[in-house]
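Counting from 1, the numbers follow the sequence of the chain as shown.
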Amino acid sequence: MDDSGDLMDVNTIAVALISVGGALGGTLGGAVLSQRASRAQAAEQNRRADLERQEIRAEQALQAKRDLYAHLNTSARAYRVAARDAVEAAVRGESVDPALLDAAKEAWAEQYSQAQMALAQDVLQIASALNRSLGVGYSAVKQLPSSPRLDEAYQRARTWFNGPLSDGVYLLRIMLRHDLGVEGDAHFEQTRMQMLAALNSERDSLAHALAAERSQAN
(Lines give C-alpha, C1' and ligand atoms only; values in the text may rest on other atoms or scores of the structure.)
Protein backbone atom coordinates (compact mmCIF):
# COMPACT_ATOMS: atom_id res chain seq x y z
CA MET A 1 0.00 0.00 0.00
CA ASP A 2 1.38 3.38 -1.05
CA ASP A 3 0.77 5.88 1.77
CA SER A 4 2.58 8.67 -0.08
CA GLY A 5 -0.19 8.91 -2.64
CA ASP A 6 -2.81 9.22 0.04
CA LEU A 7 -0.79 11.88 1.82
CA MET A 8 -0.43 13.82 -1.41
CA ASP A 9 -4.17 13.66 -1.95
CA VAL A 10 -4.81 14.91 1.57
CA ASN A 11 -2.34 17.76 1.09
CA THR A 12 -3.89 18.65 -2.24
CA ILE A 13 -7.35 18.74 -0.71
CA ALA A 14 -6.05 20.81 2.21
CA VAL A 15 -4.43 23.32 -0.10
CA ALA A 16 -7.58 23.52 -2.17
CA LEU A 17 -9.71 24.06 0.91
CA ILE A 18 -7.35 26.75 2.15
CA SER A 19 -7.42 28.43 -1.23
CA VAL A 20 -11.21 28.32 -1.38
CA GLY A 21 -11.43 29.53 2.18
CA GLY A 22 -9.03 32.35 1.47
CA ALA A 23 -10.94 33.35 -1.61
CA LEU A 24 -14.24 33.24 0.24
CA GLY A 25 -12.73 35.14 3.15
CA GLY A 26 -11.30 37.73 0.84
CA THR A 27 -14.61 38.08 -0.96
CA LEU A 28 -16.58 38.35 2.28
CA GLY A 29 -14.03 40.75 3.76
CA GLY A 30 -14.16 42.89 0.66
CA ALA A 31 -17.97 42.93 0.79
CA VAL A 32 -17.94 43.99 4.45
CA LEU A 33 -15.46 46.76 3.76
CA SER A 34 -17.50 47.89 0.76
CA GLN A 35 -20.68 47.98 2.85
CA ARG A 36 -18.91 49.99 5.55
CA ALA A 37 -17.60 52.44 2.97
CA SER A 38 -21.07 52.79 1.46
CA ARG A 39 -22.60 53.42 4.87
CA ALA A 40 -19.93 55.99 5.71
CA GLN A 41 -20.46 57.71 2.38
CA ALA A 42 -24.23 57.76 2.91
CA ALA A 43 -23.79 59.14 6.44
CA GLU A 44 -21.50 61.88 5.14
CA GLN A 45 -23.97 62.76 2.40
CA ASN A 46 -26.78 62.93 4.97
CA ARG A 47 -24.65 65.12 7.23
CA ARG A 48 -23.90 67.50 4.38
CA ALA A 49 -27.57 67.57 3.36
CA ASP A 50 -28.56 68.40 6.96
CA LEU A 51 -26.01 71.21 7.07
CA GLU A 52 -27.26 72.60 3.77
CA ARG A 53 -30.86 72.51 5.00
CA GLN A 54 -29.85 74.26 8.21
CA GLU A 55 -28.00 76.93 6.25
CA ILE A 56 -30.99 77.42 3.95
CA ARG A 57 -33.36 77.73 6.92
CA ALA A 58 -31.01 80.17 8.65
CA GLU A 59 -30.70 82.29 5.51
CA GLN A 60 -34.46 82.26 5.00
CA ALA A 61 -35.00 83.32 8.63
CA LEU A 62 -32.43 86.11 8.28
CA GLN A 63 -34.03 87.33 5.05
CA ALA A 64 -37.46 87.29 6.68
CA LYS A 65 -36.04 89.38 9.53
CA ARG A 66 -34.44 91.81 7.07
CA ASP A 67 -37.76 92.19 5.25
CA LEU A 68 -39.67 92.73 8.49
CA TYR A 69 -37.17 95.33 9.70
CA ALA A 70 -37.18 97.13 6.35
CA HIS A 71 -40.96 97.39 6.34
CA LEU A 72 -41.04 98.49 9.97
CA ASN A 73 -38.45 101.19 9.38
CA THR A 74 -40.13 102.40 6.19
CA SER A 75 -43.57 102.61 7.75
CA ALA A 76 -42.23 104.51 10.78
CA ARG A 77 -40.53 107.08 8.55
CA ALA A 78 -43.62 107.41 6.33
CA TYR A 79 -45.85 107.95 9.36
CA ARG A 80 -43.62 110.69 10.76
CA VAL A 81 -43.31 112.41 7.38
CA ALA A 82 -47.06 112.29 6.79
CA ALA A 83 -47.72 113.86 10.19
CA ARG A 84 -45.01 116.49 9.72
CA ASP A 85 -46.36 117.38 6.27
CA ALA A 86 -49.85 117.75 7.73
CA VAL A 87 -48.48 120.22 10.27
CA GLU A 88 -46.59 122.19 7.64
CA ALA A 89 -49.68 122.34 5.43
CA ALA A 90 -51.71 123.63 8.36
CA VAL A 91 -49.09 126.30 9.06
CA ARG A 92 -49.41 127.47 5.45
CA GLY A 93 -53.18 127.52 5.72
CA GLU A 94 -53.58 124.75 3.18
CA SER A 95 -56.25 122.07 3.35
CA VAL A 96 -55.04 118.71 4.64
CA ASP A 97 -56.32 115.36 3.44
CA PRO A 98 -56.73 113.36 6.67
CA ALA A 99 -56.78 110.12 4.69
CA LEU A 100 -53.06 110.42 3.94
CA LEU A 101 -52.09 110.57 7.59
CA ASP A 102 -54.58 107.87 8.57
CA ALA A 103 -53.24 105.56 5.85
CA ALA A 104 -49.68 106.04 7.14
CA LYS A 105 -50.91 105.41 10.67
CA GLU A 106 -52.62 102.17 9.67
CA ALA A 107 -49.58 100.98 7.69
CA TRP A 108 -47.37 101.49 10.74
CA ALA A 109 -49.89 99.78 13.02
CA GLU A 110 -49.93 96.73 10.77
CA GLN A 111 -46.15 96.45 10.62
CA TYR A 112 -45.79 97.06 14.35
CA SER A 113 -48.40 94.40 15.11
CA GLN A 114 -46.45 91.85 13.05
CA ALA A 115 -43.14 92.91 14.54
CA GLN A 116 -44.35 92.45 18.11
CA MET A 117 -44.45 88.69 17.51
CA ALA A 118 -40.87 88.52 16.26
CA LEU A 119 -38.78 91.28 17.85
CA ALA A 120 -36.18 90.60 20.49
CA GLN A 121 -36.88 92.29 23.83
CA ASP A 122 -34.39 95.14 23.43
CA VAL A 123 -35.62 95.88 19.90
CA LEU A 124 -39.25 95.70 21.00
CA GLN A 125 -38.49 98.21 23.75
CA ILE A 126 -37.45 100.77 21.14
CA ALA A 127 -40.31 99.96 18.76
CA SER A 128 -42.83 100.19 21.58
CA ALA A 129 -41.51 103.59 22.72
CA LEU A 130 -41.64 104.84 19.14
CA ASN A 131 -45.17 103.50 18.72
CA ARG A 132 -46.34 105.53 21.71
CA SER A 133 -44.43 108.55 20.45
CA LEU A 134 -46.01 108.35 17.01
CA GLY A 135 -49.40 108.08 18.68
CA VAL A 136 -48.82 111.25 20.69
CA GLY A 137 -47.68 113.01 17.53
CA TYR A 138 -50.87 111.92 15.78
CA SER A 139 -52.88 113.42 18.64
CA ALA A 140 -50.91 116.67 18.32
CA VAL A 141 -51.86 116.93 14.64
CA LYS A 142 -55.52 116.13 15.25
CA GLN A 143 -55.68 118.66 18.08
CA LEU A 144 -54.28 121.55 16.03
CA PRO A 145 -57.61 122.93 14.73
CA SER A 146 -59.06 123.23 18.24
CA SER A 147 -55.97 124.73 19.87
CA PRO A 148 -56.66 128.09 21.54
CA ARG A 149 -53.09 129.23 20.76
CA LEU A 150 -52.43 128.13 17.20
CA ASP A 151 -48.98 129.64 16.80
CA GLU A 152 -47.80 127.91 19.95
CA ALA A 153 -49.43 124.63 18.90
CA TYR A 154 -47.84 124.80 15.44
CA GLN A 155 -44.40 125.42 16.86
CA ARG A 156 -44.83 122.66 19.42
CA ALA A 157 -45.82 120.16 16.74
CA ARG A 158 -43.06 121.20 14.36
CA THR A 159 -40.49 120.87 17.12
CA TRP A 160 -41.77 117.42 17.99
CA PHE A 161 -41.74 115.98 14.47
CA ASN A 162 -38.43 117.55 13.43
CA GLY A 163 -36.67 116.90 16.72
CA PRO A 164 -37.51 114.16 19.25
CA LEU A 165 -39.67 112.05 16.95
CA SER A 166 -37.15 112.27 14.12
CA ASP A 167 -34.51 111.08 16.58
CA GLY A 168 -36.86 108.28 17.67
CA VAL A 169 -37.25 107.01 14.12
CA TYR A 170 -33.47 107.17 13.70
CA LEU A 171 -33.05 105.25 16.96
CA LEU A 172 -35.30 102.49 15.66
CA ARG A 173 -33.28 102.33 12.46
CA ILE A 174 -29.92 101.94 14.17
CA MET A 175 -31.45 99.47 16.66
CA LEU A 176 -32.65 97.30 13.80
CA ARG A 177 -29.27 97.55 12.06
CA HIS A 178 -27.51 96.66 15.30
CA ASP A 179 -29.71 93.59 15.74
CA LEU A 180 -28.87 92.51 12.18
CA GLY A 181 -25.17 92.91 12.95
CA VAL A 182 -24.49 95.80 10.57
CA GLU A 183 -24.18 98.55 13.20
CA GLY A 184 -20.83 98.36 14.96
CA ASP A 185 -20.79 101.28 17.42
CA ALA A 186 -18.85 100.18 20.50
CA HIS A 187 -20.85 102.60 22.65
CA PHE A 188 -24.20 101.66 21.14
CA GLU A 189 -25.81 100.45 24.35
CA GLN A 190 -25.08 103.70 26.17
CA THR A 191 -26.24 105.75 23.18
CA ARG A 192 -29.39 103.66 22.89
CA MET A 193 -30.37 104.18 26.51
CA GLN A 194 -29.69 107.92 26.36
CA MET A 195 -31.73 108.39 23.20
CA LEU A 196 -34.56 106.23 24.54
CA ALA A 197 -34.69 108.20 27.78
CA ALA A 198 -34.76 111.50 25.85
CA LEU A 199 -37.56 110.25 23.59
CA ASN A 200 -39.67 109.06 26.52
CA SER A 201 -39.15 112.33 28.40
CA GLU A 202 -40.06 114.52 25.44
CA ARG A 203 -43.09 112.36 24.65
CA ASP A 204 -44.37 112.60 28.20
CA SER A 205 -43.94 116.39 28.12
CA LEU A 206 -45.89 116.67 24.86
CA ALA A 207 -48.63 114.36 26.12
CA HIS A 208 -48.93 116.47 29.28
CA ALA A 209 -49.16 119.69 27.25
CA LEU A 210 -51.84 118.22 25.00
CA ALA A 211 -53.83 116.97 27.97
CA ALA A 212 -53.63 120.38 29.65
CA GLU A 213 -54.82 122.05 26.45
CA ARG A 214 -57.78 119.70 26.19
CA SER A 215 -58.71 120.44 29.80
CA GLN A 216 -58.69 124.18 29.12
CA ALA A 217 -60.83 123.70 26.04
CA ASN A 218 -63.41 121.77 28.03
Side-chain angles (χ1 to χ4, degrees), residues 63-147 149-180 182-183 192 195-211 213-214 217:
Q63 186 58 51
K65 178 184 279 192
R66 289 194 190 105
D67 292 342
L68 173 64
Y69 284 8
H71 293 150
L72 190 67
N73 177 63
T74 299
S75 62
R77 292 175 58 189
Y79 189 4
R80 183 192 75 84
V81 169
R84 183 203 62 190
D85 289 350
V87 173
E88 295 300 330
V91 170
R92 295 190 299 267
E94 300 173 357
S95 60
V96 178
D97 183 359
L100 296 176
L101 177 56
D102 288 340
K105 178 176 181 289
E106 291 173 6
W108 160 258
E110 180 179 353
Q111 293 300 325
Y112 176 66
S113 177
Q114 294 181 17
Q116 283 181 297
M117 307 301 294
L119 295 179
Q121 184 59 40
D122 54 348
V123 185
L124 181 60
Q125 182 185 31
I126 301 299
S128 178
L130 181 61
N131 180 59
R132 294 193 299 272
S133 300
L134 287 164
V136 171
Y138 180 83
S139 297
V141 174
K142 292 298 183 179
Q143 199 167 309
L144 281 176
S146 61
S147 177
R149 296 182 294 276
L150 275 177
D151 289 343
E152 180 180 325
Y154 288 151
Q155 185 57 44
R156 181 178 61 204
R158 294 173 92 176
T159 298
W160 171 248
F161 288 112
N162 292 319
L165 190 59
S166 179
D167 292 342
V169 173
Y170 173 73
L171 174 60
L172 176 66
R173 177 175 177 270
I174 62 173
M175 184 71 235
L176 297 178
R177 287 174 57 82
H178 180 79
D179 191 58
L180 289 172
V182 294
E183 191 71 36
R192 179 181 76 88
M195 293 183 69
L196 179 60
L199 177 63
N200 288 336
S201 177
E202 294 290 345
R203 183 192 65 241
D204 291 345
S205 295
L206 176 58
H208 179 76
L210 293 173
E213 190 175 79
R214 288 193 297 270

Glu202: what forms a side-chain hydrogen bond (donor to acceptor under 3.5 Å, both in side chains) with it, not counting sequence neighbours?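 Per chain and number, Glu202 pairs via side-chain hydrogen bond (donor to acceptor under 3.5 Å, both in side chains) with no residue.
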
Determine whether a donor-acceptor pair (N or O, by modelled atom type, separation under 3.5 Å) exists between the side chain of Ser205 and the backbone of Ser201.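 Yes, because the side chain of Ser205 sits within donor-acceptor range (under 3.5 Å) of the backbone of Ser201.
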
Please check this pair: side chain of Ser133 against backbone of Ala129, looking for a donor-acceptor N/O pair closer than 3.5 Å. yes

To the nearest 0.5 angstrom, please state how far the [atom1] atom of [X] sits from the [atom2] atom of [Y].
| X | Y | atom1 | atom2 | answer |
| --- | --- | --- | --- | --- |
| Leu119 | Gln114 | CG | CD | 11.0 Å |
| Arg203 | Leu130 | CZ | CG | 9.5 Å |
| Arg173 | Ile126 | CZ | CD1 | 15.0 Å |
| Leu199 | Asp204 | CG | CG | 9.0 Å |
| Gln116 | Gln111 | CD | CD | 12.0 Å |
| Trp160 | Ser166 | CH2 | OG | 11.0 Å |

Decide whether Thr159 and Gln155 meet the rule of one side-chain donor and one side-chain acceptor closer than 3.5 Å. yes

Modelled atom types, side-chain donor and acceptor of Glu213 and Ser147, under 3.5 Å: yes

Please list every donor-acceptor pair under 3.5 Å in which a side-chain atom of residues 69-87 meets a protein atom from a residue at least two apart or in another chain.
{"from": "Tyr69", "atom 1": "OH", "to": "Asp179", "atom 2": "OD2", "distance (Å)": "2.6"}
{"from": "His71", "atom 1": "ND1", "to": "Asp67", "atom 2": "O", "distance (Å)": "3.2"}
{"from": "Thr74", "atom 1": "OG1", "to": "Ala70", "atom 2": "O", "distance (Å)": "2.8"}
{"from": "Ser75", "atom 1": "OG", "to": "His71", "atom 2": "O", "distance (Å)": "3.0"}
{"from": "Ser75", "atom 1": "OG", "to": "Leu72", "atom 2": "O", "distance (Å)": "3.0"}
{"from": "Arg80", "atom 1": "NH1", "to": "Phe161", "atom 2": "O", "distance (Å)": "2.7"}

Quick one: closest heavy-atom pair of Asp167 and Met195, and the distance?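 Taking Asp167 first and Met195 second, the nearest heavy atoms are O-CE, 3.6 Å.
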
Taking all atoms of both residues into account, what is the closest heavy-atom pair of Leu144 and Ala90, and its distance?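 Reported closest heavy-atom pair: CD1-CB, 4.4 Å.
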
pair [X]-[Y]: side-chain heavy atoms closer than 4.5 Å:
| X | Y | result |
| --- | --- | --- |
| Arg132 | Asn200 | yes |
| Leu172 | Val169 | no |
| Glu88 | Asn162 | yes |

Show the numbers, then the answer: is there a side-chain contact (heavy atoms from CB on, under 4.5 Å) between Arg156 and Leu210? CA-CA 10 Å; Arg156 181 178 61 204; Leu210 293 173; 3.7 Å; yes

